[in-house]
Each structure stands twice: as structure tokens, then as C-alpha cells.
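Counting convention: from 1, in listed order, for ligands and their atoms alike. Along the sequence shown, the residues carry numbers beginning at 1.
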Amino acid sequence: MSKEIYNVTLIDGDGIGPEITSAVVEIIEAAEVKINWDKQLAGARAYEKYGDTIPNETIESIERNKVCLKAPITTPIGTGFKSVNVALRRHFDLYANVRPSKNLPAIKTPFNDVDLVIIRENTEDIYAGIEHKIDEETIHGVKLITKKGCERICDFAFNYAIKNNRKRVGVVTKANISKLADGLFLNTFREVAKNYTDIETHEILVDNLCMQLVQKPSQFDVLVMPNLYGDIVSDLCAGLIGGLGVAQSANIGKSCAIFEAVHGSAPDIAGKNIANPTGLLRSACMMLNYLGKVEASKNIENALFEVLKEGKVLTKDLGGNSTTEEFKKEIIKKLTK
Ligand code: NAI
């Protein structure tokens, strides 16, 4: 086994963040991957300590290590500080959000043949945060779409398909209504597709996609789309495979990557030792693949799948009554047997 030691920034987040992070770190250690975890703060706890939700220390750590595993961070709704997640994605230009959705063993859902990947553009659209108050009762919100942004995310989607042995890439827009902004996304996809003639392509409007996804999700493979549609559709897809607690994601840029579960900080169950670490663990598996630790990633995934299949030690959200601690220990038992 390789003795290489990796440096990874670790942000254990808010709410259930610290509980699920420590479980994931222990599982990775049990898989014998050597990581120097560079622990940093972001969000509410960082604000309390440094008066800043993303302190310079955290930014410098990610710049240095180029890879970060991040637990969920609480974002106040409507008021308060802006989303730390959006700010990190923007700062590091993490333009590609990758969210695979594939059925997990023994997690019962209406479908058993879901195997698709959402590639969400992660830096533009209404997430660019351009909003103006025209008067007290009128707000102007801008949907920013650029040719460069479209080109690189479409390129990413095709390259992802090739690397992961996928056959088909679909582009998702509302170009019948948003003729300029979504029109640019669609037309750029068509241009980029000419460089990838081995991959089949298709085009679908986002409303039709949602309907088709809840009727016959197996028809979809890789789907690329602008930021807001990607946000909404990927949560829908998490629902198709068992919910937010089990879904993983990666935010990837040219020079660094941040891996995180798709769920939030779940304040309703924080500190109770009942949170499911699966989403963060699967995100960590994506991180291990990114670091080239493909075998260790597979071993962890297999151990997780065994525990799920046996169905004896499951957290509450999966229909069991085990604690985070017990679930973690069971995965480690399978890993080290
Ligand atoms: P949430 O995902 O935190 O919770 C929704 C429901 O799912 C809750 O009932 C929660 O208990 C449950 N849940 C979520 N993760 C779970 C897990 N691992 N195991 C078991 N149950 C789980 O969404 P909510 O309540 O809308 O957001 C809470 C906070 O999280 C907000 O401040 C929001 O802004 C933030 N958030 C942060 C994200 C991030 O850092 N990437 C992503 C989404 C939300």
C-alpha cells in the first residue's frame, strides 16, 4: 500500500457537522489512508472566533492543500451573513458541482435503477448575487450566464462522461423562455458537443426533466445545467436514492476541490448522536478518488454497502435506531475484518 501522506483541509461545520466529520475521519483512518487533516473553521463558529465567516487562515489552508473536506455550514435565511458555501465556490472558482445519484443497497425507493450524474454550473446564474433594489416593492435580480462559464462546464461534463465510461450527456435549460441566457448555455453545449462525437447528446427543458425524473429516471445518464436548475434538480435526484442524508457531492475547479455532503447542518438533530454520516462519507470517497486512492475509496464504499445491506445497524433516517457512533463502528468492523 502507498505510504503517501496527503494534506487536506478539514472544515467540520455547524450543527451535525462535527459528529459526522469525526465519524468519517475515523473510517478513513481505518482504511489506512494517511491524511494530515488541516482543521479550519468557517461559518458561524468562525465568525465567533475571528469576526469573519471565512477567515484568512481557512482560505490559505485550502490554497495550500488544494483539497478540502467540508461539513455543512448553517446559513441564515433572508438576513445575516451570505452563504459561506457560495462564497467558497466563488473564491476558488469551483465551477463544477458533481452530484452522482445511484441506488444504494437495501435503501428502498420507488425505483431501483437510478444511475445518473448531475453536473451543475457552480459560479454563475442568480448565484452571482447581483440584485438591485429599484424601490421598496421592486427588486431586480440578474441571471448571469457567460460563454466562458458555459464552455468550461459543458467541457467538464463531456470529459466526466468519458472518464467515467458514461455514454450520454443531456443539456438542461429553459431556453424556450430564457432565450438569451439559457439560449447561450444551450448553443454553447451544441458547439462543445462537436468535440466529443463518441458521446450521445440530448436536450431537455427543466420542467419536463423533473416530470420525467419522477416517472422514469433510468433514461438519464449525465445531465449538465445552469446553477439554479442544478441546485433544485440534484436535490430531487437525492430524493430518488433515499434522501439528502445519503447523497454526495464535489465542487471542482482548475486548481482545487471541495468535497461535501449535500445536506445541511440539520440543527433539529445536532448533538444527539443520531445523524447519518453516509453523505459526507461518500463525498470523502469522491475525494479519495480525486487523490488517486481509488482502491481505498472502493473498500470504504463496499464496507458501507455491506452495512446497509445487512440492515442491522442503521441510523434513524434509514429506518434503524442506531447511533452515529454505532453506524461508524460497524463500517470500520467491515473494513478491517
Ligand atoms: P438540512 O439538510 O440540514 O435538514 C433537512 C432535514 O433532513 C432535517 O430534518 C434534518 O434532520 C435531516 N437531515 C439532514 N442531514 C441529515 C443527516 N446526515 N442524517 C440524518 N438526517 C439528516 O436542511 P435545512 O434544515 O434546510 O438547513 C439547515 C441549515 O443547513 C441551514 O442553515 C442551511 O442554510 C444549511 N445548509 C448548508 C448546506 C451546506 O453547508 N452545504 C447545504 C444545505 C443547507
Undergrad: Counting heavy atoms only, name the option from A42, P267, G13 that's nearest to atom 25 (O) of ligand 1.
TA: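 Residue with the shortest heavy-atom distance to the ligand atom: P267.
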Undergrad: Is there at least one pair of N or O atoms, one from R89 and one from ligand 1, spaced under 3.5 Å apart?
TA: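 No, no N or O pair falls under 3.5 Å.
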Undergrad: Report, in ascending order of atom number, the atoms of ligand 1 lying under 4.0 Å from any heavy atom of I73.
TA: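 The atoms of ligand 1 under 4.0 Å from a heavy atom of I73 are 35 (C), 36 (N), 37 (C), 39 (C), 40 (O).
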Undergrad: Could you tell me whether K167 and D221 make a salt bridge, using a distance below 4.0 angstrom between a side-chain N and a carboxylate O?
TA: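 No.
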Undergrad: Do the two ring centres, one from F158 and one from F189, sit under 6.0 Å apart?
TA: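 Yes, the ring of F158 comes within the 6.0 Å limit of the ring of F189, centre to centre.
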Undergrad: So, is I16 polar-close to ligand 1, with some N/O to N/O distance under 3.5 Å?
TA: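 The answer is no, given that I16 and ligand 1 share no N or O pair closer than 3.5 Å.
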Undergrad: Counting both backbone and side chain atoms, is some N or O of A266 under 3.5 Å from an N or O of ligand 1?
TA: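 Yes, A266 has an N/O under 3.5 Å of an N/O on ligand 1.
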Undergrad: Check whether NZ of the Lys or CZ of the Arg R99 lies under 6.0 Å from the centre of the six-membered ring of Y160 and within 45 degrees of that ring's axis.
TA: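 No; the conditions do not both hold, so R99 does not lie above the ring face of Y160.
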Undergrad: Using a 4.0 Å cut-off to any heavy atom of K70, which atoms of ligand 1 qualify?
TA: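 Contacts of ligand 1 toward K70, numbered from 1: 40 (O), 41 (N).
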Undergrad: Can you tell me if K316 has a non-hydrogen atom under 4.0 Å from ligand 1?
TA: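 Checking ligand 1 against K316, which is what was asked, there is no heavy-atom contact under 4.0 Å.
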Undergrad: Based purely on interatomic distance, does P277 place a nitrogen or oxygen under 3.5 Å from a nitrogen or oxygen of ligand 1?
TA: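 There is no such contact.
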Undergrad: Once you measure the plane-to-plane angle for H140 and H132, does it fall in the parallel (<30°), tilted (30-60°) or perpendicular (>60°) bin?
TA: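 The rings of H140 and H132 sit tilted, inter-plane angle from 30° to 60°.
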Undergrad: Heavy atom under 4.0 Å from ligand 1: found in N276's side chain, backbone, both, or neither?
TA: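 Both the backbone and the side chain of N276 come within reach of ligand 1.
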Undergrad: Picking from N251, L88, I11, I73, what satisfies side chain to side chain contact (heavy atoms under 4.5 Å, CB included) with E260?
TA: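 Between E260 and the candidates, side chain to side chain contact (heavy atoms under 4.5 Å, CB included) is satisfied uniquely by N251.
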Undergrad: Where do K329 and E26 land on the salt bridge (Lys or Arg N to Asp or Glu O under 4.0 Å) test, with the steps shown first?
TA: CA-CA 9 Å; K329 281 191 181 144; E26 275 188 55; over 6 Å; no
Undergrad: Give yes or no for whether the N/O distance cutoff of 3.5 Å, strictly under, is met between T74 and ligand 1.
TA: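 Between T74 and ligand 1, no N or O pair is found under 3.5 Å apart.
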Undergrad: Under 4.0 Å from a heavy atom of N85: give me the atoms of ligand 1 that qualify, with their elements.
TA: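 What qualifies from ligand 1 is 37 (C), 38 (C), 39 (C), 40 (O), 41 (N).
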Undergrad: Which residues pass the side-chain hydrogen bond (donor to acceptor under 3.5 Å, both in side chains) test with T123, not counting sequence neighbours?
TA: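 Listed in chain order: E121.
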Undergrad: Please verify whether a non-hydrogen atom of V262 lies at under 4.0 Å from ligand 1.
TA: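 Yes; V262 lies near enough to ligand 1 that a heavy-atom distance drops under 4.0 Å.
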Undergrad: What I want to check is whether the side chains of Q40 and D38 have a donor and an acceptor closer together than 3.5 Å.
TA: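 Checked: Q40/D38 side chains pair up, N/O donor to acceptor below 3.5 Å.
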